[in-house]
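Notes to accompany the following structure.
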Amino acid sequence: MNHNLMKLEPGLYLVATPLGSARDITLRALDILASADVLAAEDTRTARKLLDIHGVPLAGRRIIAYHDHSHAKDRQKVLHHIAEGKSVAYVSEAGTPLIADPGYQLVADARREGLSVSAAPGPAACITALTVAGLPTDQFHFAGFLAPQQVARQKQLAELMALRATVVLYESPKRLNALLADIETTGGPARTVAVCRELTKKFEDVQSGPVESIRAFYADTPARGEIVVLIGAGEDAKIDKGDLEAALVHAMLNLRVKDAADAVAGAYGLPRRDIYQLALKLQAVKTEE
């Protein structure tokens, strides 16, 4: 038996759980899961399996479902237990609750009602990816999942490309190729990226290098599993006018002039108005041809 029973004060306990390898659970997490009066989970089946693996008995407790589709009344049911003097342990399907997972509104409501909230820290996919990717970690920006639509996604990327920090994204296997293409459009083919798949699992894989190369790799090797994409920070460098114009021409192949200008301006950290005027000139030249 790896857990100890202990007396928990009334409150909400956010418990981080393994990304893949069940043994990544912390001893404190097991203690809380064994001792809490009430258990809540994004996926009750996954939570039950984790308890079974580690020999944590339910002991007559029921696991309450709380996920993306839960409503205010569902949150109140959870918080009502705390108001009655009980301890509630909450786990997302994998990793740390609230990090691109449900739980924000639950915590916000608990705080508003003056209820205790604490965390048992542990695995998080974004931190694990930063650890193994080989990109700078002194400054990073976590942006979670970007918009599924191309135009909206490229606008978001244009803003992120200007950051002097490693950008961390989550993405589904079905949209990975489209995301990499948009990174190349907004950041250029040499922009460094790392694609981290199935972290801590049997088929863990990390591919890193220029986005042009990584995109070609996944064009031939369809991605599977949970994915974290990291984008290297932009660099302060003298901007070659030819490269700038080439980037605009490439962007205008798939985007409207204004959207292409926004994307390129964000990638190069230049004023949008100036790049838009350059894009109009390039468009006029192309029309004359």
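Positions are given from 1 along the sequence.
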With a 6.0 Å cut-off (strictly less than), is the heavy-atom count around [atom1] of [X], excluding the residue itself, greater than 12?
X	atom1	value
Tyr104	OH	no
Arg175	CZ	yes
Leu280	CG	yes
Arg61	CZ	yes
Glu226	CD	no

Shortest non-hydrogen contact between [X] and [Y], atoms and distance:
X	Y	answer
Pro189	Pro210	O-CB, 3.7 Å
Met252	Val257	SD-CG2, 4.0 Å
Lys86	Val38	CD-CG2, 4.2 Å
Pro18	Ala94	O-CB, 3.4 Å
Val228	Ala129	CG1-CB, 3.5 Å
Ile63	Ala41	CG2-CB, 3.9 Å

Side chain [X], main chain [Y], donor-acceptor under 3.5 Å:
X	Y	result
Gln283	Ala279	no
Ser87	Gly11	no
Thr166	Pro136	yes
Thr137	Leu130	no
Arg62	Gly60	no
His3	Ile32	no
Glu42	Glu93	yes
Tyr170	Cys126	yes
Thr131	Ile127	yes
Asp31	Asn4	yes

Working to the nearest 0.5 Å, report the span between [atom1] of [X] and [atom2] of [Y].
X	Y	atom1	atom2	result
Arg224	Ser172	CZ	OG	14.5 Å
His81	Leu39	NE2	CG	10.5 Å
Leu14	Asp101	CG	CG	11.5 Å
Leu106	Arg75	CG	CZ	7.5 Å
Glu198	Phe203	CD	CZ	9.0 Å
Tyr90	Leu12	OH	CG	9.5 Å

[Y] side chain reached by [X] side chain, heavy atoms, under 4.5 Å:
X	Y	result
Asp109	Val78	no
Gln150	Asp182	yes
Arg215	Asn177	no
Gln154	Leu255	yes
Leu58	Arg48	yes
Tyr13	Leu8	yes
Leu135	Thr192	yes
Leu244	Leu278	yes

Test of understanding: clusters of I, L, V, M, F, W, Y form through side-chain heavy atoms closer than 4.5 Å, transitively. Do [X] and [Y] belong to the same one?
X	Y	answer
Leu253	Val285	no
Val229	Phe142	no
Val167	Phe140	no
Leu115	Ile64	yes
Leu157	Val264	no

**OP:** Please step through salt bridge (Lys or Arg N to Asp or Glu O under 4.0 Å) for the pair Arg256 and Asp259, ending with a clear verdict.
**Re:** CA-CA 5 Å; Arg256 296 179 304 172; Asp259 293 330; 3.0 Å; yes
**OP:** Start with the C-alpha gap between Arg153 and Leu179, add the side-chain angles, then the distance that decides, and say whether side-chain contact (heavy atoms from CB on, under 4.5 Å) holds.
**Re:** CA-CA 8 Å; Arg153 184 171 58 240; Leu179 173 63; 4.0 Å; yes
Can [X] and [Y] be counted as an ion pair, charged N to O under 4.0 angstrom?
X	Y	result
Lys155	Asp262	no
Arg191	Glu184	no
Lys49	Asp52	no

Subject >> Test side chain to side chain contact (heavy atoms under 4.5 Å, CB included) applied to Leu50 and Val15, Val56, Thr17, the passing residue >> reply: Thr17
**OP:** Take Tyr66 and Val88, measure what side-chain contact (heavy atoms from CB on, under 4.5 Å) needs, and give me the verdict at the end.
**Re:** CA-CA 12 Å; Tyr66 183 82; Val88 176; over 6 Å; no
Original post:
Can Arg197 and Val195 be said to form a side-chain contact (heavy atoms from CB on, under 4.5 Å), step by step?
Top reply: CA-CA 6 Å; Arg197 296 191 309 106; Val195 176; 4.1 Å; yes
Original post:
After noting the C-alpha distance and the side-chain angles of Glu113 and Gln76, does the key distance pass the side-chain hydrogen bond (donor to acceptor under 3.5 Å, both in side chains) rule?
Top reply: CA-CA 11 Å; Glu113 295 182 21; Gln76 283 306 309; 3.0 Å; yes
**OP:** Kindly determine whether Ile231 and Ile183 satisfy side-chain contact (heavy atoms from CB on, under 4.5 Å), including the steps that lead there.
**Re:** CA-CA 8 Å; Ile231 307 172; Ile183 292 173; 3.7 Å; yes
